[in-house]
**Student:** 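Sending over a structure as structure tokens; questions will come in a sec.
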There are 2 protein chains.
Amino acid sequence: MAQRALTAVPDIADLSEEGIEPMSTRERILDAALDLFIEKGFDKTSLREIAEQIGVTKAALYYHFASKEDILMALHLRLHEFGFDALAQFGDQEPTSALWADLMDKIVDQMLAHRRIFLLHERNQAAFEALHKEEHDESHEDLQAGFRRVLSDTRVPVRGEVPSSELSEILRDAVGDLLR
Amino acid sequence: MAQRALTAVPDIADLSEEGIEPMSTRERILDAALDLFIEKGFDKTSLREIAEQIGVTKAALYYHFASKEDILMALHLRLHEFGFDALAQFGDQEPTSALWADLMDKIVDQMLAHRRIFLLHERNQAAFEALHKEEHDESHEDLQAGFRRVLSDTRVPVRGEVPSSELSEILRDAVGDLLR
DNA sequence: GTCTATATTTCGATAGAC
DNA sequence: GTCTATCGAAATATAGAC
């Protein structure tokens, strides 16, 4: 396993929007919710807690979001955004082995930079499952199609050292491990 | 990775108690709860749902369990039971390489046979975390001590092909993968 | 945009009859 | 052991003033 630089890699548009100007209430709600949903779980986190954490009242949340699930959905869309940005980096270039290695390296670093979004999803599988029964699926189709397109590109040089049956295991574990 | 037989391996006492006589209401409650807690998550599963699924009323549950958490705890204890049974199989024999391989093989098969218990825990990490803050820890100490004893046995032949730093990754992934 | 106040619902839990 | 009936708490969500 190669040693990679763990320094910040600001390539993908910064999803947490930590810019110069003061954060909007909407973003502050989302960030507080992210923290609490990770720490206590979606179900055990009440809107009152989220509101208190950023110094507003419960009712104020309802100005920015239609429901509690809506907040979760907004956080989920950050993951979609990440996926699309990652896909965009592949572009239309000839997929050489070196290019792929470089891109994968970058994307893994970006995943680390945004790891709390991934952690949120790993820790609230049930909540997201419920969320997906109420459909927002056009976006999902697009994402999946995009990844299929990139991954099934016949021009991609295959090294074949790792059986694909084991690859998913290794990747998933690596992700899970980095999140703790 | 060696091919292992996936046929039933009834060695550890069958935790699901699927015997000859009709299942007790207590067991039926636990089985229904197991299904629902896996499918919908602990928090989103109401006692009413559990009761309806087995054709009794909510109040009947309270005859068998003191609280909703109590039901979760009972399911958690199935995992403890599994752990103790697994430990017991190691016994006091000389831990040869062949013996270890054989035992590990058996235990993995038994994990598969009881995989819903493991799946329950993977899918409700937040709920179990809350559960453990209210202490039932003597049993945990015993379990951990037991595993430490088995794993730190200096007579165990070490092959050393897999760095222990990677071992946990591989194991965790393998478990996660088999559960889906 | 944010507040106070309140409506509505759901759930865990209990009491007591049978 | 299981039921009906109900309580009390907590949560989501809404109404309307500022």
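All heavy atoms count here, side chains included; hydrogens, waters and symmetry mates do not. In what follows, chains are A, B, ... by sequence order, proteins preceding strands, each numbered from 1.
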**Student:** Quick one: which residue pairs count as a salt bridge (Lys or Arg N to Asp or Glu O under 4.0 Å) with a foot in residues 52-68 of chain A, not counting sequence neighbours?
**Tutor:**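 Listed once each, the pairs are R48(A)-E52(A).
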**Student:** Less than 4.0 angstrom from a charged side-chain N to a carboxylate O is my criterion; do E27(A) and R78(A) meet it?
**Tutor:**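 Yes, this pair counts.
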**Student:** Let me know the distance between CG of L47(A) and C1' of dA13(D), rounded to the nearest Å.
**Tutor:**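 These atoms are roughly 9 Å apart.
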**Student:** Identify, with sequence neighbours excluded, every residue that meets side-chain contact (heavy atoms from CB on, under 4.5 Å) alongside A33(A).
**Tutor:**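 side-chain contact (heavy atoms from CB on, under 4.5 Å) check on A33(A) returns F37(A), I50(A), I71(A), L75(A).
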**Student:** Looking at every strand, decide which applies to S46(B) at a 4.0 Å heavy-atom threshold: base, sugar-phosphate, or nothing.
**Tutor:**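 Touches sugar-phosphate only.
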**Student:** Does D35(A) have any side-chain hydrogen bond (donor to acceptor under 3.5 Å, both in side chains) partners at least two apart in sequence or in another chain, and if so, which?
**Tutor:**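 If we apply the side-chain hydrogen bond (donor to acceptor under 3.5 Å, both in side chains) test to D35(A), skipping adjacent residues, the hits are R116(A).
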**Student:** If you walk 5' to 3' along DNA chain C, what is the first nucleotide with an atom under 4.0 Å of a heavy atom in chain A, and what is the last?
**Tutor:**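 With heavy atoms of chain A under 4.0 Å away, the range is dG1(C) to dT4(C).
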**Student:** Applying ring pair (Phe, Tyr, Trp, His ring centres under 6.0 Å), can you list everything that pairs with H121(B), at least two apart in sequence or on another chain?
**Tutor:**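 By the ring pair (Phe, Tyr, Trp, His ring centres under 6.0 Å) rule, H121(B) matches H76(B), F128(B).
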**Student:** Taking only residues two or more places apart in sequence, or in another chain, which ones meet D70(B) in a side-chain hydrogen bond (donor to acceptor under 3.5 Å, both in side chains)?
**Tutor:**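 In terms of side-chain hydrogen bond (donor to acceptor under 3.5 Å, both in side chains), with neighbours along the sequence ignored, D70(B) is linked to no residue.
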**Student:** Shorter than 3.5 Å, N or O on both sides, protein versus nucleotides 6-8 of chain D: list them out with atom names.
**Tutor:**
none

**Student:** Please enumerate all residues that pass salt bridge (charged side-chain N to carboxylate O under 4.0 Å, His left out) together with E39(B), with sequence neighbours excluded.
**Tutor:**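 E39(B): no salt bridge (charged side-chain N to carboxylate O under 4.0 Å, His left out) contacts found.
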**Student:** Could you walk me through whether F82(A) and L143(A) satisfy the side chain to side chain contact (heavy atoms under 4.5 Å, CB included) test, starting with their C-alpha distance in whole Å, then the side-chain angles of each, then the deciding distance to 0.1 Å, before giving a yes or no?
**Tutor:** CA-CA 10 Å; F82(A) 186 96; L143(A) 250 189; over 6 Å; no
**Student:** Could you state the interatomic distance from OG (S139(B)) to CD (E81(B)), rounded to the nearest 0.5 Å?
**Tutor:**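 Taking OG in S139(B) and CD in E81(B), the distance rounds to 10.5 Å.
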**Student:** Which part of the nucleic acid, if any, lies within contact of S24(A), taking any heavy atom under 4.0 Å across all strands shown: a base, the sugar-phosphate backbone alone, or nothing?
**Tutor:**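 Contact class for S24(A): none.
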**Student:** Can you name the side-chain contact (heavy atoms from CB on, under 4.5 Å) partners of L99(A), sequence neighbours left out?
**Tutor:**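 In terms of side-chain contact (heavy atoms from CB on, under 4.5 Å), with neighbours along the sequence ignored, L99(A) is linked to Q93(A), T96(A), L103(A).
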**Student:** Where along residues 60-72 of chain B does a heavy atom fall under 4.0 Å from DNA chain C?
**Tutor:**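 Within residues 60-72 of chain B, the residues near DNA chain C are Y62(B), S67(B), K68(B).
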